[in-house]
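In the text below, chain A, chain B and the rest are named by the order of the sequence lines, each starting its count at 1. Treat the numbers as computed from the prediction; the structure is a model and nothing was measured.
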Amino acid sequence: MSESASMLVQIIEGALLAAGRALTVAQLGELFEEAERPSAVEIREALAVVSERCEDRGFELCEVASGFRFQVRQSLSPWVARLWQERPQKYSRALLETLALIAYRQPITRGEIEEIRGVAVSSNIIKTLHERDWIRVVGHRDVPGRPAMYATTRQFLDYFNLKNLDQLPALAEIRDLETLNAELGFSEPLAAANDGADQTISADLPSAAASTEDASSDAGDSDSADAADPRAPGGAQ
Amino acid sequence: MSESASMLVQIIEGALLAAGRALTVAQLGELFEEAERPSAVEIREALAVVSERCEDRGFELCEVASGFRFQVRQSLSPWVARLWQERPQKYSRALLETLALIAYRQPITRGEIEEIRGVAVSSNIIKTLHERDWIRVVGHRDVPGRPAMYATTRQFLDYFNLKNLDQLPALAEIRDLETLNAELGFSEPLAAANDGADQTISADLPSAAASTEDASSDAGDSDSADAADPRAPGGAQ
Amino acid sequence: MNDSTPAAPATDSPSLARPQQGEMPFAVVLGKAMTELPRDLYIPPQALEVFLEAFEGPLDLLLYLIRRQNLDILEIDVSEITEQYMRYVELMDAMQFELAAEYLLMAAVLAEIKSRMLLPRAVDVDEEEEDPRAQLIRRLQEYERFKKAAEDIEEMPRLERDTWVASAEPPDLDRARPDPDVDMRELLLALSEVLRRADMFESHHIQREALSTRERMSEVLEKLSGRQFVPFVSLFSAREGRLGVVVTFLAVMELIKEALVEIVQTENFGPIHVKARSE
């Protein structure tokens, strides 16, 4: 490593620790006078070195939505957590389900959340999510009452150690209803239900569509008595 | 280094970085269940290892009154300081008026500026303009108190992208600016100019002179009562 | 309204307003911690509220009932589930009618499905209408996905619990504040403002020429500063041409007029020297 490259590595290490928050490659570049500013490629190379040097240490370099930051290794949390008297905050199931719906189905209105959960969403939950800066209003749906549409924020991604929404765990699969209908030997086709399923699928995140497709072929494979092509309805994707 | 010693080193590193403040040997010991608690000697040995491992890194382990903490190396201060660089503030109206008078009426004493402005000129303003290297003392008027006479500097001209004072917009143009000001609907001319500059003109200086000309001709076009050719004073470009 | 129900206005007690939205799924009932869902259908009346809080609503309760029978959602026996569900809802009803609105709605859905299943199927009737059973299944499936997603989110490593952002003491910083930007227009407006205030706007004219003279005045003064006498000719530069010479000359005249410089000639046609008055 050249001397200047080694210096760059040190500056990045120092800045990330002094900042105590994530910094983007661009923000790291701005630490330098314009004339001396390393390229984004050089900064990324230096970040790779920084990351390597964390091996076997109590901390590691992580990339989250807001950029790069040093984090204490998760394996150390049993000890490190003792630094704080208070237990970390527990979140209710209601809050987490609401958060999950906003994360996976954004932009989504409170009414839509209530429809899926089957119960009213308390204002306290929305307030807490706002206060934590995990959700924000991204617009209003053009229906009576113009309800606010919610989406998650970068702070949400940062807090949960994510670079982007794609990194959320994949949603559980929904088996294709048409296939199952045939499996269960119902005479009546469940056409309406299938329409509904299509709608919800298209609203999913990009990765969800793929898993739904997988699901339909799995279901088809598992039942050889199924004469009709089980993939046909799924092919509408 | 034994496995448990290596783990101890990692826990100490993680805890110091998570805390972001100094921790004493005793506090570090409290991270452990009583049964597993390392001795103070062991913790000090581990701290020595932590310290060694900081060699050639952007940070170092320091012992201060309240214990041990990681500190970003002082040598990195020029870069790290940019993380906290404050946004430039706006100059006060008093300063701008003083500067304008020095520019247009140089050489001029503080007393003369005060006479025109009708209020005292604070020493801070003179100091700020000196520090900015925009004004200089070119002599002293031979009157009681021998007050300093101020003039603008080359740096002043450079900043405003002027070759010489001739290129300062003529006072006649001010009338057009006033018109512009009124058109923009600003009630308080100067405060408005401060805000307006950011929005209406991209505030980058090389183009400032040109924009002023544009502004004046726009004002002229839109106001036919303005008989004089508004471009005439701008011809000095 | 059922007058016999304990008064629990929604505004007074948030925990009762939407019990299924409670922040804590389980609580202490009559000094006894509820750590598990009831195993059978009997729910002590005092525990109902807590029991309700354990569920996130009618869909959650249905899922629980289905799971308890070890059934796949797609295989639910609507009849049996409805029976069970209704018994829960009856309990709620006896306790606090208004708490159970969403549950009652679900009960109605279940009852409708059950009644439909009992009727002979007319193949070509109601083609347009969705099979309520399929709709229920879809809702249950959809809800279950997000129930699972919520569990996944709970498991995700997060700050302040599983990991912490590392920080260290910054070095001593020399925090130089950057200089403010000034637009030429601001300067002009400042000047116009101050002149107008001084009531000089109309009467005072500063000529373009005067400016270059004034600039030269500053320069001459600077040349003279700190020195006794400077040869008059040294103030001029041939490089500047005739115009430059004229401007310098005017500047010196102006300086003399303003009594800023002194001009000295010791003999006729001898060298002229200039001196700042105040030095």
**Q** Sort B:Leu16 into side chain, backbone, both or neither according to what part of it lies under 4.5 angstrom from a heavy atom of chain C.
**A**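 Looking at B:Leu16, just its backbone touches chain C.
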**Q** Identify which of C:Ala168, C:Ser167, C:Ala166 forms the greatest number of heavy-atom pairs closer than 4.5 Å to chain B.
**A**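 Sorted descending by pairs with chain B, the first entry is C:Ser167.
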**Q** What part of B:Arg136 gets closer than 4.5 Å to chain C, counting heavy atoms only: side chain, backbone, both or neither?
**A**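 Side chain only.
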**Q** What part of B:Trp79 gets closer than 4.5 Å to chain C, counting heavy atoms only: side chain, backbone, both or neither?
**A**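 When you check distances to chain C, no heavy atom of B:Trp79 falls under 4.5 Å.
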**Q** So which part of B:Leu61 gets closer than 4.5 Å to some heavy atom of chain C, the side chain, the backbone, both or neither?
**A**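 Neither part.
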**Q** Please find the pair of heavy atoms, one from B:Pro107 and one from B:Arg141, that lie closest to each other, and give the distance.
**A**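 Answer, listing the atom of B:Pro107 first, then B:Arg141: O-NH2, 3.8 Å.
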**Q** Just checking B:Trp134 against B:Tyr150, ring centres under 6.0 Å apart?
**A**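 Between B:Trp134 and B:Tyr150, the centre distance exceeds or equals 6.0 Å.
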**Q** Measure distances from B:Arg132 to the heavy atoms of chain C and classify the residue's part below 4.5 Å as side chain, backbone, both or neither.
**A**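 For B:Arg132, the side chain is the part near chain C, not the backbone.
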**Q** Hey, is C:Arg214 close enough to C:Glu258 for a salt bridge, meaning N to O under 4.0 Å?
**A**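 Salt bridge present between C:Arg214 and C:Glu258.
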**Q** Test your reading of the model: is there a side-chain donor-acceptor pair from C:His273 to the backbone of C:Val230, 3.5 Å cut-off?
**A**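 Not confirmed, C:His273 side chain does not pair with C:Val230 backbone.
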**Q** Please determine whether the number of non-hydrogen atoms from other residues, nucleotides or ligands lying under 6.0 Å from atom CZ of C:Phe232 exceeds 12.
**A**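 Yes, CZ of C:Phe232 has more than 12 neighbouring heavy atoms, counting only those of other groups under 6.0 Å.
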